[in-house]
Amino acid sequence: MKKLTVYLICIFCFTSCEKGFDLYPRDKYSEATFFQNEEQFKLYANQFYYSLPGPGANLNRDTYSDLLVAWSANTVSNGSYYPTPTGVGNVWADSYKWIRNTTYLLEKAQLVPQLADRIKSYKGEAHFFRAMACYNLLKDFGGVPVIDKVLDLEDNELLYGKRNTREETVDYIFEDLDNAVSSLPEEAAIAENDKGRVSKEAALALKARIALFEGTWRKYRNQDGTDFLNMAAAASQEVIHGNRYQLFDRRDVLGDDSYRYFFILDKMKTNIANLTKADQNEYILTNKFDVDFRTAESPSAHQSPSVTKKFADLFLCRDGLPTDKSPLFQGRLTAESEYENRDLRMTNVLQKPFTRFWANYPPEYNRKWEDPFAGGNIYDINFGNTTRTAYYSVKFRVEIAAPFGVDYPVIRLAEVLLIHAEALYEKNGFITDEQLDLTINKLRARAGLPRLTNDFVTANGLNMQTEIRRERTIELFIEGFRFDDLRRWKTAEYEMPQALKGVLWTGTQYDTDPRWSDVNFPTDADGHIIIESADKRTFEEKHYLFPLPTRQILLNPELEQNPGWK
C-alpha cells in the first residue's frame with residue numbers, strides 16, 4: 001500500500017500540469033489501475049491466507065493452558081501477566097490489520113458492479129477472513145470497536161470512538177459469516193488449481209465454531225445462549241450431511257500409527273504406505289505449504305513444551321473407561337506401563353518410552369525409506385533436553401529431512417463432529433445414542449474405543465458432558481483450542497490454578513532406575529513430579545478477558561479497559 005500511495009502522489013503532481021499525458025506506470029500496479037478485473041481481485045485476496053494460524057501460533061496459544069508446560073514460566077498460564085503497550089500476542093494489531101485489508105477489497109468491489117458475479121467468491125473470502133479476525137478480538141477482549149470501512153484521518157468518530165458491545169461485535173461477525181456462506185463456492189465447485197481456497201463448507205464450519213463459543217460463553221454466565229447453540233448445531237449439521245469430508249483412518253496400511261501419520265502427510269513420501277496429502281479428505285481448510293514453493297517447519301525435537309500429567313490422564317483405556325475405573329489399566333510402576341491398553345491416540349500423540357522415533361533434525365534422526373526402520377532415536381526420557389514431565393508430544397513431528405510441505409489444519413471434520421455433539425448436548429441437556437454415533441463415536445472408532453452410549457455412561461457412573469469434553473480435548477490437542485475452551489466453559493478458574501505435574505515418580509521405575517539418579521524434582525503428596533506448584537498459579541475473574549493494549553487506550557481514551565485491569 002505504501003508503493004501505491006507513492007504512485008498516486010506522483011500521478012497527482014504530474015496531472016495537475018500535464019493533463020494530456022498517460023502517466024500510469026506500465027510495469028507496476030497503482031490504485032487507479034488495480035481492481036479492474038477478476039484476476040486482480042484474486043491476487044489481492046491471496047494475502048488473506050497469510051493470516052491463517054499455523055503450528056507456531058497455536059502451540060504458543062496452547063502453552064497458555066493447563067496441558068503444556070514450557071521451559072520457562074508462561075505468564076498467561078500462571079496468571080502473572082499484566083497490561084502492556086501491544087497486548088498479549090499482538091492480537092489487537094494483527095486483527096485490525098486484516099480487518100482493514102479485507103474491508104479494502106470489499107469497498108473496491110462496490111466500485112465495479114459489472115464484475116459482481118465474477119468476483120463474488122473473493123468478496124466471500126474477504127467476509128470470511130474479516131469474521132475470523134473479529135473473532136480473534138472477541139475471544140480475547142470481548143466487545144471491540146467495529147470498523148466497517150477503510151479509515152482515513154477524517155473518521156474521528158471511529159478512530160476515537162467507544163468500544164462496541166459484545167452483542168454488537170458478535171452480530172457483526174455473523175453478518176460477515178452469512179455473507180461468506182452465500183458467496184463462497186462449495187468445495188466440489190472449486191477448480192483443481194484453486195484447491196485450498198476457502199469454501200462454503202469452511203465458512204459454515206467457522207460459523208459453527210464461533211456460535212458454539214458464544215453460546216457456551218453466555219450459557220455459563222447466566223445468559224441465554226440457545227440461539228447460538230442452535231446455530232452451531234445447524235451449521236455443523238450442514239457440513240456433516242454434505243458428506244464432502246471423511247475422517248482419515250488408514251489403519252489398514254498404517255496399522256495403529258495411522259493417526260500419527262495423518263498429521264504429517266506431504267506430497268512426497270512421509271510414511272511406509274506412501275500415502276500423500278491427496279489420500280486424506282478430512283481437512284476443510286488448511287494453512288497450505290509446499291516443498292517446492294512454501295516450505296513448512298516442524299516442531300523442534302528438543303525443548304518443545306512438555307505435556308502435563310493432566311493431559312496424559314485423559315486418555316481412556318481400550319474398554320472406554322478412565323484409568324481409575326478400568327481393570328485394563330496397567331498402573332504406573334514402570335515408565336511404559338501407563339501407555340498399555342489405552343486409546344490409540346495416546347501413543348500417536350505421545351511417544352511411548354523406549355520406542356524408536358524419527359525427526360527432521362538432526363540428520364541421524366531422519367527417516368530413510370531405503371531402510372525405513374533404521375536410524376532414528378530411542379525415546380529414553382531425557383529430562384532437561386526433550387521433556388520436563390517425562391511426557392513427550394510427537395503430534396505434527398515430521399520424520400524426514402527438510403525441506404517439506406506438510407499442511408497445518410485450520411478446520412477439519414473432526415472438529416465439526418465435536419462441535420455438533422457439544423452444541424446438541426449443551427442446548428438440550430442430553431444427547432441421543434444416534435447423535436453420538438453421528439459424531440463422537442466416529443472419533444472413538446478411529447481411536448480403537450467402544451461406542452459411547454447413554455447406557456454405558458449410566459452403568460459406569462460417568463458424566464456425558466465430561467466425556468464429550470474429553471474427546472474434544474484429546475482430539476484437538478495443540479491445535480489452539482484448550483485455553484479458549486476453559487474460558488468459554490468458565491472452568492478456567494479452578495482448572496488453571498492447579499499445579500502443572502509430570503509422571504508419578506515416587507515408588508516407580510523413575511525413582512529407582514540409575515539413568516535418572518541425578519534428576520531431582522519436587523513431588524506432591526502422591527509422588528508426582530511438580531513442575532509449577534499451585535501457589536505460583538492463579539486465575540482470577542479478570543483473566544477471562546485480556547487487557548486491552550495500553551497504547552490503544554493512550555491513543556483513544558474512549559476505549560474502556562476490561563474489568564479488573566488498570
*asked:* Angle between ring planes, Tyr259 versus Phe263, binned at 30° and 60°: parallel, tilted or perpendicular?
replied: perpendicular
*Give a yes or no answer on whether the side chain of Asn281 reaches the backbone of Arg244 with a donor-acceptor pair at less than 3.5 Å.*
yes
*Side-chain donor/acceptor of Tyr361 to backbone N/O of Ala402, under 3.5 Å*: no
*Which class fits the ring pair Phe477 and Phe311: parallel under 30°, tilted 30 to 60°, perpendicular over 60°?*
parallel
*Can the positive tip of Arg469 be found less than 6.0 Å from the middle of the six-membered ring of Tyr220, inside 45° of the ring normal?*
yes
*Using a 4.5 Å cut-off on heavy atoms from C-beta on, say whether the side chain of Ile272 contacts that of Trp369.*
yes
_Note, Glu107 side chain near Thr102 side chain (heavy atom, < 4.5 Å)_ = no
*Output all residues satisfying side chain to side chain contact (heavy atoms under 4.5 Å, CB included) with Val146, sequence neighbours left out; order by chain, then residue number.*
Asn164, Thr169, Tyr172
*asked:* Checking the side chain of Glu282 only, and the main-chain atoms of Leu247 only, is there a donor and an acceptor separated by less than 3.5 Å?
replied: no
*Looking at OG1 of Thr270 and CZ of Phe404, how far apart are the two atoms once the value is rounded to the nearest 0.5 Å?*
11.0 Å
*Verify, without hydrogens or angle tests, whether Lys277 (side chain) and Gly405 (backbone) share a donor-acceptor contact under 3.5 angstrom.*
yes
_Strictly distance-based, threshold 3.5 Å: is any side-chain N or O of Tyr122 a donor or acceptor partner for the main-chain N or O of Glu38?_
no
*With a 4.0 Å cut-off, would you call Glu532 and Lys501 a salt bridge?*
no
*Would a distance-only check, ignoring hydrogens and angles, find a side-chain to backbone donor-acceptor pair under 3.5 Å from Gln561 to Leu548?*
yes
*asked:* Quick one, Leu555 and Ile553 - any side-chain contact, counting heavy atoms below 4.5 Å?
replied: no
*Is the number of heavy atoms from other residues, nucleotides or ligands under 6.0 Å of Lys269 NZ greater than 12?*
yes
*Single hit among Asp66, Thr63, Asp62 for side-chain hydrogen bond (donor to acceptor under 3.5 Å, both in side chains) with Arg482*: Asp66
*asked:* Going by ring-ring contact (aromatic ring centres under 6.0 Å, His included), His543 matches just one of Tyr81, Phe483, Tyr64, Tyr82. Which one?
replied: Tyr81
*Taking atom CZ of Arg537 as the centre, does the number of heavy atoms from other residues, nucleotides or ligands within less than 6.0 Å exceed 12?*
yes
*For Glu214, check salt bridge (charged side-chain N to carboxylate O under 4.0 Å, His left out) against everything at least two apart and list the hits.*
Arg166, Arg218
*Would Lys42 and Asp194 pass as an ion pair if we require N to O under 4.0 Å?*
yes
*Minimal non-hydrogen separation, Gly375 against Arg356, with atom names*: O-NH1, 2.5 Å
*Could you label the plane-to-plane angle of the Phe174 and Phe228 rings as parallel, tilted or perpendicular, counting under 30° as parallel and over 60° as perpendicular?*
tilted
*Do the side chains of Ile240 and His420 get nearer than 4.5 Å, heavy atoms only?*
yes
*asked:* Students often mix this up, so state it plainly: with edges at 30° and 60°, are the rings of Tyr544 and Phe539 parallel, tilted or perpendicular?
replied: perpendicular
*Partner set under side-chain hydrogen bond (donor to acceptor under 3.5 Å, both in side chains) for Gln498, not counting sequence neighbours*: Lys310
*Just say parallel, tilted or perpendicular for the rings of Phe357 and Tyr392, cut-offs at 30° and 60°.*
perpendicular
*Charged N to carboxylate O below 4.0 Å: is that the case for Lys207 and Glu238?*
no
*Do side-chain atoms of Asp407 reach the backbone of Phe289 as a donor and acceptor pair under 3.5 angstrom?*
yes
*Under 4.5 Å between any side-chain heavy atoms of Leu275 and Phe248, yes or no?*
yes
*Quick one: does Thr295's side chain have a donor or acceptor within less than 3.5 Å of a partner on Val291's backbone?*
no
*Go through the steps to decide whether Leu486 and Met496 satisfy the test side chain to side chain contact (heavy atoms under 4.5 Å, CB included), and finish with yes or no.*
CA-CA 8 Å; Leu486 294 181; Met496 293 293 289; 3.8 Å; yes
*Residues Arg446 and Asp249 bridged, charged N to O under 4.0 Å*: no
*asked:* So that I can tick it off, tell me whether Lys368 and Glu399 are bridged by a salt bridge, with the cut-off set at under 4.0 angstrom between side-chain N and carboxylate O.
replied: no
*Is a salt bridge present between Asp313 and Lys309, judged by a nitrogen-to-oxygen distance below 4.0 Å?*
yes
*Between Asn74 (side chain) and Ser77 (backbone), is there a donor-acceptor pair under 3.5 Å?*
yes
Would you give me the side-chain donor-acceptor pairs under 3.5 Å for residues 184-192, sequence neighbours excluded?
residue	atom	partner	partner atom	Å
Glu187	OE1	Tyr245	OH	3.3

*Measure across Phe315 and Arg342 and return the closest heavy-atom pair with its distance rounded to 0.1 Å.*
O-NH2, 2.8 Å
_Charged N-O contact under 4.0 Å between Arg250 and Asp279_ = no
*Is any side-chain N of the basic residue among Arg251 and Asp256 closer than 4.0 Å to the acidic one's carboxylate O?*
no
_Taking salt bridge (charged side-chain N to carboxylate O under 4.0 Å, His left out) as the definition, give me every residue that meets it alongside Glu493, ordered by chain and number, with sequence neighbours left out._
Lys490
*Closest heavy-atom contact between Val406 and Ala296?*
O-CB, 3.6 Å
*Answer yes when Glu175 and Arg130 have at least one side-chain N-carboxylate O distance shorter than 4.0 Å, and no when they do not.*
no
*Check Ala202 against Ile411 and note the closest heavy-atom contact, atom names and distance.*
O-CD1, 3.7 Å
*Ion pair Lys267/Asp292, N-O distance below 4.0 Å*: yes
*Salt bridge Arg209-Glu415, side-chain N to carboxylate O under 4.0 Å*: yes
*Do any N or O atoms from the side chain of Ser51 and from the backbone of Phe48 form a donor-acceptor pair under 3.5 angstrom?*
yes
*Under the side chain to side chain contact (heavy atoms under 4.5 Å, CB included) rule, collect the residues that match up with Ser306, sequence neighbours excluded.*
Val69, Trp71, Thr387, Arg388, Thr389
*With the threshold set at 4.0 Å, does a side-chain nitrogen-carboxylate oxygen contact exist between Arg444 and Asp343?*
no
*Where is the tightest heavy-atom contact between Gln47 and Trp98, given as atom of each residue plus distance?*
O-CH2, 3.1 Å
_To the nearest 0.5 Å, what is the distance between CE on Met231 and CD1 on Ile210?_
10.5 Å
*Which atoms form the tightest heavy-atom contact between Leu137 and Ser95, and what is the distance?*
CG-CB, 3.5 Å
